[in-house]
Structures are given as structure tokens and as C-alpha cells.
Student: 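Have a look at the structure that comes next, please.
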Amino acid sequence: MKDVTSAYLGHQVHPDHRELVDEVIDWYDGVTVGIERTVMPQAADEFALKRWAAHGYETDPASLGETGSWTQLNERDLDDVEQPVLPDGFRFRTADEAGPQAAVQAHVDAWAPSPYTAEGYEGVRRTPPYRGDLHVLVEAPDGTMAASTIMWLDEANRAAEFEPVGTHPDYRRLGLVRAMLLHGMHLAREAGAHHMTVACLGAPGHPQARGLYYSVGFREFTEPPSRKPRPSGRGGIELLRSSTRKDESPSRRLVISTSRAEGDLKQVDDLRVEGPAV
């Protein structure tokens with residue numbers, strides 16, 4: 001058993017019930033006494049940002065600069081999606097077709113060493129709105145699941161999100177992820193989505209994933225002109241660290257996000273970047 005030394009919170013509060021933000025903060029502080037805390041509200045939610053700041057959370061300097069750890073949300077519409085092309089011998093599968101063992105192994109191979117287990121995957125499968133037919137894998141000629149991604153469909157908003165994206169280390173730089181993303185967007189459109197999102201590190205020093213996503217039509221999600229720019233100056237996620245209170249030594253950090261916020265690592269082809277996760 002490992003000691004718990006940190007906690008992470010991703011949350012959303014309906015804009016008509018903004019007063020609940022303080023209740024969320026009080027609850028979070030109450031269940032995480034004595035450990036480092038990180039939280040990720042939405043960048044556009046100015047009210048929440050002010051309330052977290054009032055509770056002692058501030059920008060973590062490590063998130064800023066050329067190689068900062070803030071995350072950029074990218075989006076595109078699904079009106080005109082390029083047809084995917086896989087290398088000879090590779091084929092697309094879904095988790096429904098390949099089965100739980102293949103889906104778990106694909107994740108473990110991409111994120112080795114990974115604690116992901118069949119039990120963990122069962123938890124994912126029980127999470128709305130997970131769908132096995134929108135969990136895409138790329139099978140290599142030898143049967144290895146070389147890449148995988150899950151698309152989370154928001155039927156109410158007719159949008160879907162890629163999360164996570166991973167590739168087996170022996171099958172990187174073959175164009176598998178690019179083809180998988182294109183194939184996934186076709187499936188998402190067939191399922192009713194009109195828009196697609198995906199997140200990546202947004203600082204200038206992390207161009208690889210951003211370039212990949214741009215190559216399949218994604219662009220940075222821009223906020224309305226009336227909004228003031230975040231301190232990062234790029235409209236994405238910032239990492240904030242709180243000042244230490246007299247009654248506790250651990251730090252408290254705030255991540256500001258423009259995307260669905262669940263912290264983990266996202267891997268794209270031959271690189272690994274921080275982003276939302278499954």
C-alpha cells in the first residue's frame with residue numbers, strides 16, 4: 001500500500017449555480033487535509049477562478065514559459081473528414097470486436113510501465129458515456145494492438161472527444177495515430193457528433209502533438225474576443241499553485257482548463273504529453 005501524498009480535482013459547475021463553487025472548494029479542502037492539491041476549473045469560468053484564488057490557489061510558475069505544462073484544447077467540425085490510410089497489413093478494430101483483454105493490453109503497452117488492469121478497464125466501461133464501438137484500436141499484422149484511443153460522445157451537444165491517445169513503442173512514427181484519428185472522426189460523425197475535440201500541451205516548447213492534431217484539421221479553441229487573456233496569454237490551461245496556509249505545509253495548485261479535466265498522460269505516436277485522461 002502506498003501513502004497518498006497528493007490529490008487532483010477536475011470539476012464542472014453549471015453557470016446557473018455558480019454559488020456551488022465554494023461548496024466544492026470547501027469539500028475538496030476538507031477531504032485532502034495535509035497533502036498537495038491540484039484542481040482544474042475552466043479557463044472561461046472567471047467566477048470559479050476568482051473563488052479558487054480567494055481560497056489560496058495561485059499560478060504554479062512551472063506551468064508557464066516556453067515549456068510550461070498548461071494544456072491547449074483543440075477542436076474541429078466533422079463536415080469534411082479526410083479518408084484514413086493505414087500501412088499494409090494493419091486494420092482498425094473496436095474494443096467491442098477485440099475484447100477487454102486486447103483493449104487493456106493496448107493501453108498497458110502504450111503507457112508502460114502502467115498500473116492499468118482489467119478491473120480498471122471495467123470501471124471505464126461503466127463510465128457514461130463510454131461506448132465500446134467508439135473505442136478504436138489499430139491491429140498490427142502480427143495481432144498486436146499497436147495504437148488505441150477512446151472517443152467520448154456528448155449526445156446533447158453533438159460533440160466527441162479523443163481521450164486518451166496511445167501507441168505501442170514498437171509501432172511509432174508509422175502514421176498509425178493520424179489514420180486512427182481520421183477513422184475515429186468518421187465513426188463519431190456516424191454516431192451523431194458534429195464537432196470533435198482533443199487536448200495537448202500548449203506551450204511553444206511542445207509542438208509535436210499539436211502538429212499532429214493540426215495535420216488532421218484541429219485548431220486551437222479560441223475564446224470570445226470579449227474575454228481577457230489568461231496569464232499564460234494563450235487561452236489554454238494554466239497550472240496554479242496556492243500559497244501555503246499557516247496550518248498546513250503542503251502546496252495547493254490550480255490548473256485552469258478549457259477542456260474536460262481529468263489528469264493523466266496522453267501519448268501521441270512517438271511522444272508523451274500531459275493532458276486529460278481516461
Side-chain angles (χ1 to χ4, degrees), residues 71-76 78 80-114 116 120-121 124-125 130-153 160-191 193 196-201 206-219 259 264-278:
T71 305
Q72 170 183 314
L73 179 65
N74 307 286
E75 71 164 358
R76 62 155 292 169
L78 297 178
D80 185 17
V81 181
E82 179 185 342
Q83 290 297 322
V85 178
L86 282 172
D88 290 343
F90 290 82
R91 63 172 177 164
F92 297 116
R93 303 290 301 277
T94 68
D96 281 349
E97 297 167 345
Q101 183 177 350
V104 171
Q105 193 61 51
H107 186 98
V108 171
D109 288 342
W111 299 109
S114 171
Y116 198 53
Y121 177 52
V124 171
R125 294 175 71 185
Y130 175 84
R131 287 175 45 169
D133 62 330
L134 295 179
H135 185 167
V136 178
L137 304 96
V138 176
E139 184 177 7
D142 65 358
T144 300
M145 295 302 164
S148 68
T149 188
I150 299 177
M151 290 169 288
W152 299 88
L153 178 66
E161 179 185 20
F162 286 115
E163 175 51 41
V165 180
T167 312
H168 191 295
D170 293 340
Y171 294 92
R172 295 172 187 166
R173 306 187 71 82
L174 297 177
L176 301 183
V177 167
R178 188 178 190 279
M180 181 175 66
L181 294 173
L182 292 170
H183 177 66
M185 284 188 275
H186 281 281
L187 294 181
R189 186 172 63 185
E190 292 171 6
M196 204 81 196
T197 63
V198 67
C200 64
L201 282 176
H206 304 290
Q208 295 95 334
R210 187 167 55 249
L212 171 64
Y213 294 137
Y214 282 8
S215 78
V216 293
F218 285 97
R219 291 296 180 266
S259 66
D264 197 345
L265 291 175
K266 174 177 293 182
Q267 192 178 67
V268 181
D269 234 6
D270 62 332
L271 60 143
R272 182 171 290 185
V273 298
E274 290 186 1
V278 167

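Remember, predicted model here, so these are calculated numbers, not experimental data.
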Student: Say you draw a straight line from CG of L134 to CD of E190; how long is it, rounded to the nearest 0.5 Å?
Tutor: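 Rounded to the nearest 0.5 Å, the CG-CD separation comes to 9.5 Å.
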Student: Less than 4.5 Å apart, side chain to side chain, heavy atoms only: is that true for Y213 and Q72?
Tutor: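 Y213 does not reach Q72 side chain to side chain.
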Student: What's the spacing between S148 OG and D109 CG if we round to 0.5 Å?
Tutor: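 It comes to 9.0 Å.
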Student: On a heavy-atom basis, which atom in F92 and which in A179 lie closest, and how many Å separate them?
Tutor: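 Heavy-atom minimum between the residues: CZ-O, 3.6 Å.
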Student: Looking at every heavy atom in both A110 and R172, which two are closest together, and how far apart are they?
Tutor: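 Scanning both residues completely, I find the closest heavy atoms to be O-NH2, 3.5 Å.
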Student: Does D142 have more than 12 heavy atoms from other residues, nucleotides or ligands lying within 6.0 Å of its CG?
Tutor: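 For D142, atom CG is crowded (more than 12 foreign heavy atoms under 6.0 Å).
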Student: Can you find a pair of side-chain heavy atoms, one from I150 and one from V124, that are under 4.5 Å apart?
Tutor: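 Yes, their side chains come closer than 4.5 Å.
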Student: Between F90 and L174, is there a side-chain heavy-atom distance shorter than 4.5 Å?
Tutor: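 A side-chain contact under 4.5 Å exists here.
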Student: Nearest 0.5 Å please: distance from the NE2 atom of H186 over to the CD atom of E82.
Tutor: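 Nearest 0.5 Å value for the NE2-CD distance: 8.0 Å.
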Student: Could you give me the CA-CA distance, side-chain angles and deciding distance for M145 and H107, then say whether side-chain contact (heavy atoms from CB on, under 4.5 Å) is met?
Tutor: CA-CA 9 Å; M145 295 302 164; H107 186 98; over 6 Å; no
Student: For the residue pair M151 and M196, establish whether any side-chain heavy-atom pair is separated by less than 4.5 Å.
Tutor: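 Contact flag for M151/M196 side chains = yes.
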Student: Using every non-hydrogen atom in the two residues, find where V81 and M185 come nearest and quote the distance to one decimal.
Tutor: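 Reported closest heavy-atom pair: CG1-CB, 4.0 Å.
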Student: Is there a side-chain contact (heavy atoms from CB on, under 4.5 Å) between F162 and T197? Walk through the geometry before answering.
Tutor: CA-CA 6 Å; F162 286 115; T197 63; over 6 Å; no
Student: Is the shortest heavy-atom distance from the side chain of C200 to the side chain of F218 under 4.5 Å?
Tutor: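 They are not in side-chain contact.
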Student: side-chain contact (heavy atoms from CB on, under 4.5 Å) for L187 and D133? Distances and angles first, verdict last.
Tutor: CA-CA 9 Å; L187 294 181; D133 62 330; over 6 Å; no
Student: Would you say that R178 contacts L212 through its side chain, given a criterion of any heavy-atom pair below 4.5 Å between the two side chains?
Tutor: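 Contact flag for R178/L212 side chains = yes.
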Student: Would a distance-only check, ignoring hydrogens and angles, find a side-chain to backbone donor-acceptor pair under 3.5 Å from R219 to Y214?
Tutor: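 Checked: pair present.
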Student: What are the two closest heavy atoms between L153 and R131, and how far apart are they?
Tutor: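 Between these two residues, the closest heavy atoms are CD2-NH1, 3.5 Å.
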Student: Given side chains that start at C-beta, do those of L176 and H168 come closer than 4.5 Å, heavy atoms only?
Tutor: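 The answer is no, as the side chains (C-beta and beyond) never meet within the 4.5 Å cut-off.
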Student: For L137 and E97, run side-chain contact (heavy atoms from CB on, under 4.5 Å): C-alpha distance rounded to whole Å, both residues' side-chain angles, the deciding distance at 0.1 Å, then the answer.
Tutor: CA-CA 10 Å; L137 304 96; E97 297 167 345; over 6 Å; no
Student: Show your working on side chain to side chain donor-acceptor pair (under 3.5 Å) between T94 and D96 and close with a plain yes or no.
Tutor: CA-CA 5 Å; T94 68; D96 281 349; 5.1 Å; no
Student: In Å and rounded to the nearest 0.5 Å, what is the CG to NE2 distance from L201 to H206?
Tutor: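 Reported value, rounded in 0.5 Å steps: 5.0 Å.
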Student: Give the minimum heavy-atom separation between R189 and D80, together with the two atoms involved.
Tutor: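 Here R189 and D80 meet closest at NH1-N, 4.2 Å.
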Student: About how many Å separate OG1 of T167 and CE of M180, when rounded to the nearest 0.5 Å?
Tutor: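 Separation between the atoms: 6.0 Å.
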Student: Nearest 0.5 angstrom please: Y121 OH to Q105 CD, how far?
Tutor: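 If I round to the nearest 0.5 Å, the distance is 13.5 Å.
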